[in-house]
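In each ligand, atom 1 is the first atom listed, and ligand 1 is the first ligand listed.
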Amino acid sequence: MTRFIFITGGVVSSLGKGLSAASLGALLQGRGFSVRLRKLDPYLNVDPGTMSPYQHGEVYVTDDGAETDLDLGHYERFTGVPARRSDSVTTGKIYSTVIARERRGEYLGATVQVIPHVTDAIKEFIQADVDDCDFVLCEIGGTVGDIESLPFLEAIRQLANELGRERTMFVHLTLVPWIPSAGELKTKPTQHSAKELLAVGIQADILLCRCDRPIPPAARRKIALFCNLREEQVIPAIDVATIYEVPITYHAEGFDEQVCRHFDLTAPEPDLTRWREITERIRQPEGDVTVAIVGKYTHLTDSYKSLGEALVHGGIANNVRVHLNWIDSEIFEREDAVQHLENVHGILVPGGFGERGSEGKIAAARFARERKVPYFGICFGMQMAVIEAARSLLGLNGAGSSEFGECPDPVVGLMTEWMRGNDLERREAGGDLGGTMRLGAYDCVIAPGSRAAAIYSATRISERHRHRYEVNINYRDRLESAGLRFSGMSPDGVLPEIVELPSHPWFTGVQFHPELKSKPFAPHPLFTSFVRAALEQSRLV
Ligand code: GLN
């Protein structure tokens with residue numbers, strides 16, 4: 001029997017609902033339950049694929065090729081359960097479904113309305129593809145009181161009514177702010193938020209109260225009293241030094257115990273030893289390295305959420321703290337790269353889109369290659385490294401990417417056809433922007449004896465993609481003879497997946513996004529290896 005836990009948020013956004021859901025998922029797993037985690041986003045975009053990273057942070061890609069909210073990355077990192085397309089829905093997707101049904105005449109002449117047609121579609125989504133797991137945790141994006149989230153709240157209210165309280169539960173995350181002038185923690189916003197939820201027919205079963213300091217018992221009692229709860233159902237969620245500490249503090253505050261109590265379940269206490277171990281490693285590393293991330297969206301680190309986490313994981317694997325220098329690549333178009341990169345131990349050029357800042361990334365790749373500083377190019381970062389190699393090693397001054405328009409030597413270009421397993425997939429140059437990239441998991445064959453093969457200890461891997469352009473196979477022979485090895489290819493041999501410079505201490509470009517699969521307990525081998533190379537570099541400089 002699958003039980004559903006709904007996580008809503010109140011007072012302000014950015015309180016960390018995603019991390020709360022992910023942490024609860026991990027705790028329930030620790031008690032022996034199977035979990036799935038889902039995100040319901042109230043915005044009208046069909047998916048976040050076309051949204052600017054400034055607007056919505058990173059686009060997280062699943063194995064089955066869905067472009068989703070970055071919270072799905074937290075879910076995967078905390079629980080190890082691979083997210084699927086069916087774990088992410090938006091108002092846009094729900095409405096597309098409902099309108100398509102209406103056009104097909106499936107509503108048999110009825111007037112199509114938010115209630116029941118839209119709410120029914122939301123309920124279907126919540127209950128679809130759950131594989132009999134013990135718990136489905138559904139996070140509702142946005143903040144209670146937003147106009148957009150009303151149909152979602154209505155749908156979960158109905159579902160709780162239909163399935164019964166023994167199969168459903170509501171967790172509400174709020175803020176208990178410290179008011180310096182009063183010298184007090186204030187519970188009023190939480191009370192109002194719980195009331196706002198009541199106004200749409202939802203009584204919270206647990207309040208998670210974000211706070212920057214311990215909440216005194218009197219304040220906790222007050223919140224309980226005003227929000228129809230027992231004191232134990234008011235769980236303080238105090239700020240912590242690393243996100244991987246959240247499951248530990250939630251457990252200490254009795255969160256998972258209250259969930260079990262709600263569902264009348266007896267389950268063994270979770271063993272949190274491994275969480276304690278990684279938290280300890282993050283807090284007390286044995287060394288430090290500094291990595292420059294040369295990108296475009298460097299002002300908003302949420303745009304590179306999984307990347308930042310994967311570097312933390314690489315640090316855990318090597319017992320070091322990885323300091324990140326976020327550098328806007330456009331700087332290198334005005335200034336010499338040397339002064340910004342001289343003291344870093346590794347350079348990483350992440351995924352990106354568009355011409356702006358690309359010359360700066362090419363300059364960063366050149367600096368890394370010439371100075372023998374470890375270089376890790378991810379997706380766009382690999383493409384820029386290949387352009388750099390074509391210009392510097394082959395003398396093709398007009399080398400570029402057809403993403404930026406026509407150029408004499410498109411060493412990165414648009415591929416219109418490729419194989420996924422036995423199926424031919426196509427892409428049209430003028431097609432829709434949303435969901436038309438090479439998306440999701442694809443196999444890659446690695447050349448035996450290459451650095452990539454040693455890093456992965458494997459010659460066939462699967463990694464996730466999100467891009468429209470590819471390194472142009474027609475330049476392969478020339479680039480290889482100039483020293484750039486194409487060490488990973490798609491199984492049909494058409495799409496370059498990994499390039500490396502064997503003559504360099506660590507210079508690797510990958511067309512996929514390894515950061516999406518890195519986990520604290522299973523750091524991605526490329527990140528482990530890159531951080532180790534940076535550590536070696538730090539001993540040289
Ligand atoms: N803009 C490049 C492409 O579409 C790279 C995309 C990326 O880095 N994710 O191929």
Side-chain angles (χ1 to χ4, degrees), residues 47-54 56-63 65-68 70 73 293-298 302-308 310 329-330 347-362 364-365 375-388 390 399-407 410-418 425-442 444 463-473 475 488 490 494-499 508-518 526:
D47 61 42
T50 55
M51 273 194 239
S52 156
Y54 284 125
H56 204 68
E58 163 186 276
V59 174
Y60 189 77
V61 180
T62 59
D63 277 332
E67 296 179 278
T68 71
L70 57 80
I293 300 186
V294 181
K296 185 154 73 175
Y297 316 107
T298 46
D302 256 8
S303 317
Y304 302 109
K305 195 88 215 168
S306 296
L307 183 71
S329 61
E330 281 182 290
I347 296 171
L348 193 155
V349 177
F353 291 85
E355 189 169 13
R356 183 166 67 79
S358 59
E359 287 301 326
K361 294 175 190 179
I362 292 168
Y375 177 85
F376 193 2
I378 294 180
C379 205
F380 201 64
M382 160 170 169
Q383 298 173 355
M384 296 307 108
V386 171
I387 294 172
E388 197 286 310
S401 166
S402 39
E403 181 171 0
F404 317 143
E406 277 185 32
C407 63
V411 295
V412 178
L414 192 69
M415 283 286 301
T416 50
E417 291 186 353
W418 63 85
E425 295 191 334
R426 284 175 201 279
R427 154 171 60 193
E428 282 159 33
D432 275 356
L433 281 187
T436 56
M437 291 187 266
R438 184 147 80 100
L439 283 168
Y442 285 83
C444 160
E463 292 281 5
R464 295 183 195 166
H465 290 251
R466 180 174 185 253
H467 54 103
R468 205 165 272 119
Y469 298 86
E470 311 278 350
V471 171
N472 189 340
I473 186 81
Y475 290 88
S490 59
V494 177
L495 306 174
E497 298 276 19
I498 308 176
V499 297
T508 307
V510 295
Q511 187 54 73
F512 43 80
H513 287 277
E515 71 275 21
L516 300 176
K517 296 219 312 194
S518 186
L526 281 168

Would you say [X] and [Y] make side-chain contact, with heavy atoms under 4.5 Å?
| X | Y | answer |
| --- | --- | --- |
| P496 | M382 | yes |
| S358 | F380 | yes |
| V510 | E463 | no |
| E330 | K296 | no |

Practice task
Find the distance between CZ (R464) and NZ (K517) and round it off to the nearest 0.5 Å.
Solution key: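 With rounding to 0.5 Å, CZ (R464) is 6.0 Å from NZ (K517).
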
Problem - Those protein residues which place at least one heavy atom below 4.0 Å from ligand 1 - result: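 Within the 4.0 Å shell of ligand 1, which is judged on heavy atoms, sit G351, G352, F353, C379, F380, Q383, E403, R466, H467, R468, Y469, H513.
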
Problem - With E497 via salt bridge (Lys or Arg N to Asp or Glu O under 4.0 Å) - residues at least two apart - result: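 Listed in chain order: R438.
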
